[in-house]
Amino acid sequence: MSKPSIPQGTRDFSPEVVRKRQYMLNLLKGIFEQYGFQPLETPAMENLVTLTGKYGEEGDKLIFKILNNGLHELKDAKREKVAEDWNKMLEKPFSSPAITERALRYDLTIPFARFVVMNQNELAFPFRRYQMQPVWRADRPQRGRYREFWQCDADVVGSTSLINEAELLCIYQAAFHAMKLPQVTIKINSRKLLAGLAEVSGNAALMMDITIALDKLDKIGWDGVAKELEQRGISADGISSIREIISVTGTNEEQLAALEAIMSGSAIGLQGIEELRKTLAYHQSLVNTAWDSTIEVDISLARGLNYYTGVIVEVTTSAVSMGSIGGGGRYDDLTGLFGLKGLSGVGVSFGIDRIYDVLEELQLFPAALSVATQVMIVNFGGENEAYALRALQPLRQAGVTAEIYPDAAKFDKQMKYANKRNISYVLIAGDDERAANKYSLKNFTTGEQQLLSLEECMAHISSQG
RNA sequence: GAGGCUGUAGCUCAGUUGGUUAGAGCAUCAGAUUGUGGUUCUGAGGGUCGGGGGUUCGAGACCCCUCAGCCUCCCCA
């Protein structure tokens, strides 16, 4: 006998877990809507060409591809094409529409960009949308990393105003405040600042290499970063100027002021500094003082996705050992990939699977999330069953969640079931009750039992909750 | 792509230098108790010890291969 199983990196969500996930999703949804974002859903699968080349070389490898149907029915030239392309696939990374036309979506941003381009004439820009759906990656699963996981994204497209950046920072703060998640830090940087850093260090062309190396500062320390910079072809002078830049400390404004001096020769770097200043200023005028998460300028923040062009952010909590729980940034020309030029966007993403793990570990889910049925009617079968059934609809119409045990099983079996289900009341409708046109209502918490009319039962339950 | 750990009942796990018929807790079912749950007590069912090969008088244990899961690095949420 083969034991049933689910694919690696996927999970079932039990009723209790779904309640907790819905708690997070409902909370995020409420905040997104409060900020004027509209819901959007896109298909689980996209055309493969929509996705390839958007996530870098590594990303392409992690896209789940879907095998075309009916390959065995192909004839002649098409059949030969499949055989030929199949051999290519066996030899090198290669995709063929003859074999795989579709793939599971890898994130929510690219499908969003695709949607915007397809619907550009109907949408009112700036267009603000939020989207909460699963995405799939053919990664090796490990702690906090799954092959199927959910993203919750909020993006604004069609506006270059930094008010958008500031509002998205507020959304992060509002959300983590509502979840009561402690020690949250939102790191903020700008790709332009990173470009300036590359320029000042004399390696403008190696900006990506520098940012990739810098991004590891937390993990491998400065010595490790220096070694990696060297490997990536940065000169000793360059490395020491990079060190000078990332050694800048102090408050956000102090850092920006210091960077401004260092980057006086880099137009793009100064532009990045100015953008961060404005973003933080807008944020100041929007912020709710109750929010306790901090926003920190961090020049070493890089983020892997290569379509970011302006402000970038990443969220972490030091309360638990876990990677980032959210991230985002501005992408000036995302829709340009699909032929719509000049439309700038900015967005953030919540990694709710990781946030779930964090909330669970810190026991931050509200205790009252489980919703048990209020009343279960015991089923004695025959005439008594009919009598019991008559009570069900009035209870439900009175707003009481109610169910009947569907089989005339042994009494103690039904009671055990009610107990296991955490049901608050059991309604007993047997010979004696039916003769009196009443019901025995048993409170499962106290064990107390009363013979009452149906109306009295409903009144009692409503008053006790 | 590289490396490490673990596979024994539905679940979590014991199982001594290789030695009779592989155990426990939980869960399930039955009974004590046919109209009263939780707490008890009694009993029962449930295993190709991941799979294949090898060493041995004898393998759950040792060796080889293989599969699966978990974890770490890379990268990411």
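Every chain is numbered from 1 and lettered A, B, ... according to where its sequence line falls, protein lines coming before strand lines.
Distance A/K438 NZ to B/G35 C1': 19 Å, rounded to the nearest Å. A/I6 has its CD1 atom 14 Å from the C1' atom of B/C70, to the nearest Å. A straight line from CZ of A/F444 to P of B/G38 spans 9 Å, rounded to a whole angstrom.
In terms of polar N and O atoms assigned as donor or acceptor, the side chain of A/N419 comes within less than 3.5 Å of the base of B/G37 in a complementary pairing. A donor-acceptor contact under 3.5 Å is not formed by the side chain of A/Q414 with the base of B/U36.
Classified by interplanar angle (parallel below 30°, tilted 30° to 60°, perpendicular above 60°), the ring pair A/F411/A/F380 is parallel. Note: A/H460 and A/Y425 have perpendicular aromatic rings, judged against thresholds of 30 and 60 degrees for the angle between ring planes. Ring planes of A/Y405 and A/Y417: perpendicular class, angle over 60° (limits at 30 and 60°).
There is a side-chain donor-acceptor pair under 3.5 Å between A/K65 and A/S95. Side chains of A/E433 and A/S440: a donor-acceptor N/O pair is present below 3.5 angstrom, by distance only. No side-chain donor-acceptor contact under 3.5 Å links A/R140 and A/Q142. Inspection of the A/N189 and A/Y308 side chains reveals no N or O donor paired with an N or O acceptor under 3.5 Å. Counting only N and O atoms by type, the side chains of A/N379 and A/D407 include no donor and acceptor under 3.5 Å apart.
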Pairs: protein N or O with nucleotides 1-6 of chain B N or O, under 3.5 Å:
residue: B/G3; atom: O6; partner: A/R140; partner atom: NH2; Å: 3.4

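Between A/Y146 and A/K442, the residue anchored closer to the 5' end of RNA chain B is A/K442, taking for each the nucleotide with the nearest heavy atom.
At the heavy-atom level, A/Y417 lies nowhere under 4.0 Å from the strands shown. If you check every strand for non-hydrogen atoms under 4.0 Å, A/E314 touches nothing. A/G327 comes within 4.0 angstrom of nothing in the nucleic acid, heavy atoms only. In this structure, A/I325 reaches the sugar-phosphate backbone alone: every heavy-atom distance under 4.0 Å involves primed, P, OP1 or OP2 atoms, never a base. As judged by a 4.0 angstrom heavy-atom cut-off over every strand, A/S349 is placed among residues making no nucleic acid contact. Nucleic acid contact for A/T109: none, since no nucleic acid atom lies under 4.0 Å from a heavy atom of the residue. Here A/G326 lies in heavy-atom contact (under 4.0 Å) with sugar-phosphate atoms only. Counting any heavy atom pair closer than 4.0 Å across all strands shown, A/D353 reaches no nucleic acid atom.
Annotation: A/F64 is not in aromatic contact with A/Y106 [ring centroid separation under 6.0 Å not met].
The CG atom of A/L169 lies 9.5 Å from the CH2 atom of A/W291; values are rounded to the nearest 0.5 Å.
Between B/C63 and B/G25, the distance separating the two P atoms is 32 Å to the nearest Å. Taking the P atom of each, B/C65 and B/U20 are spaced 30 Å apart, rounded to whole Å. Atom name C1', nucleotides B/U8 and B/G47: the rounded distance is 8 Å, in whole Å. Nucleotides B/G60 and B/G54, compared at atom P, are 15 Å apart to the nearest Å. Between B/C29 and B/G35, the two C1' atoms lie 22 Å apart (nearest whole Å). Rounded to the nearest Å, the gap between the P atom of B/C49 and that of B/G7 is 15 Å. Taking atom C1' on both B/G50 and B/G43, the two are 32 Å apart, rounded to the nearest angstrom. Straight-line distance between the P atoms of B/A44 and B/U6: roughly 35 Å, to the nearest whole Å.
A pairwise comparison of heavy atoms in A/P111 and A/T42 identifies CB-OG1, 3.7 Å as the closest pair.
Distance alone, capped at 3.5 Å, places no donor-acceptor pair between the A/T185 side chain and the A/K187 backbone.
A stacked arrangement is assigned to A/F149 and the six-membered base ring of B/A77, with a centre-to-centre distance below 5.5 Å and an interplanar angle below 30°.
The shortest distance between side-chain heavy atoms of A/F112 and A/F127 falls below 4.5 Å.
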Check your understanding: Please, what dot-bracket string fits RNA chain B when only Watson-Crick and G-U pairs with both distances under 3.5 Å count, crossing ones use [ ] and pairs to another strand use |?
Key -> (((((((..((((.....[...)))).(((((.......))))).....(((((..]....))))))))))))....

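OP1 or OP2 of B/U72 lies within a sub-4.0 Å distance of a side-chain N or O belonging to A/Q142.
When the nucleotides B/G35, B/C76, B/G37 are ranked by their closest atom to the side chain of A/F411, B/G35 comes out on top.
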Revision key, fill the gap. Once base and sugar-phosphate atoms are separated, protein heavy atoms under 4.0 Å mark nucleotides 27-32 of chain B, 5' to 3', with B, S and - as SS--S-

